[in-house]
Amino acid sequence: MPPTVRDLIKRLLAAGFADCGGKGSHRNFEHPAVSRPITISGNLNDDAKRYQMRAVDKALEELKK
């Protein structure tokens with residue numbers, strides 16, 4: 001079972017990303033050590049898309065470097 005959008009947001013917030021708001025169901029997350037913002041769309045209970053999971057994983061990997 002894929003993670004939900006809520007799970008991805010929890011991972012980003014736990015890593016120190018800041019929620020910079022968004023429009024509609026889109027949420028933008030920024031971190032000073034990561035080169036580009038991460039956009040997560042969808043309702044909190046929706047299943048996360050593969051590209052969203054990849055974007056979060058890539059941002060968290062960049063943060064570790």
Side-chain angles (χ1 to χ4, degrees):
M1 178 137 178
T4 62
V5 170
R6 182 187 318 266
D7 296 333
L8 294 182
I9 292 172
K10 282 182 185 179
R11 287 180 64 194
L12 289 171
L13 292 176
F17 282 77
D19 186 352
C20 298
K23 198 170 191 179
S25 66
H26 290 70
R27 294 164 200 84
N28 299 308
F29 295 89
E30 293 182 348
H31 193 283
V34 177
S35 60
R36 50 182 21 191
I38 305 299
T39 300
I40 303 292
S41 62
N43 293 323
L44 294 177
N45 292 325
D46 290 347
D47 288 339
K49 307 284 188 221
R50 249 187 223 161
Y51 70 90
Q52 292 172 324
M53 292 185 287
R54 272 194 308 257
V56 170
D57 290 340
K58 186 176 178 181
L60 294 176
E61 276 298 315
E62 186 177 339
L63 191 59
K64 289 180 183 178
K65 292 180 182 180

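Scope of the values below: all heavy atoms of this structure, side chains included, with no hydrogens, waters or symmetry mates.
- To the nearest 0.5 Å, the span separating NZ on Lys49 from CD1 on Ile40 amounts to 12.0 Å.
- Residues satisfying the side-chain hydrogen bond (donor to acceptor under 3.5 Å, both in side chains) criterion with Asp47, sequence neighbours excluded, are absent altogether.
- The two residues Pro2 and Ala48 have their closest heavy-atom pair at CB-O, 4.2 Å.
- Residues forming a side-chain hydrogen bond (donor to acceptor under 3.5 Å, both in side chains) with Asn45 (at least two apart in sequence, or on another chain): Arg6.
- With sequence neighbours excluded, the residues satisfying side chain to side chain contact (heavy atoms under 4.5 Å, CB included) with Arg54 are Arg50, Tyr51.
- In this structure, His31 NE2 and Leu13 CG are separated by 11.0 Å, a value rounded to the nearest 0.5 Å.
- Side-chain contact between Leu8 and Arg27 is absent, with no heavy atoms from C-beta onward closer than 4.5 Å.
- For the pair Leu12/Val56, a side-chain contact is recorded, criterion being any heavy-atom separation below 4.5 Å from C-beta on.
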Residues 14-25 side chain polar contacts: donor-acceptor under 3.5 Å, at least two apart:
unit_1 : atom_1 : unit_2 : atom_2 : d
Asp19  : OD1    : Gly21  : N      : 3.0

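- Residues passing the side-chain hydrogen bond (donor to acceptor under 3.5 Å, both in side chains) test with Glu30: none are found, sequence neighbours excluded.
- Closest heavy-atom contact between Ala33 and Glu62: O-OE2, 4.0 Å.
- With sequence neighbours left out, the side-chain hydrogen bond (donor to acceptor under 3.5 Å, both in side chains) criterion links Arg11 to Asp57.
- In plain terms, the two heavy atoms of Val34 and Ala59 that are nearest each other are CG2-O, 3.9 Å.
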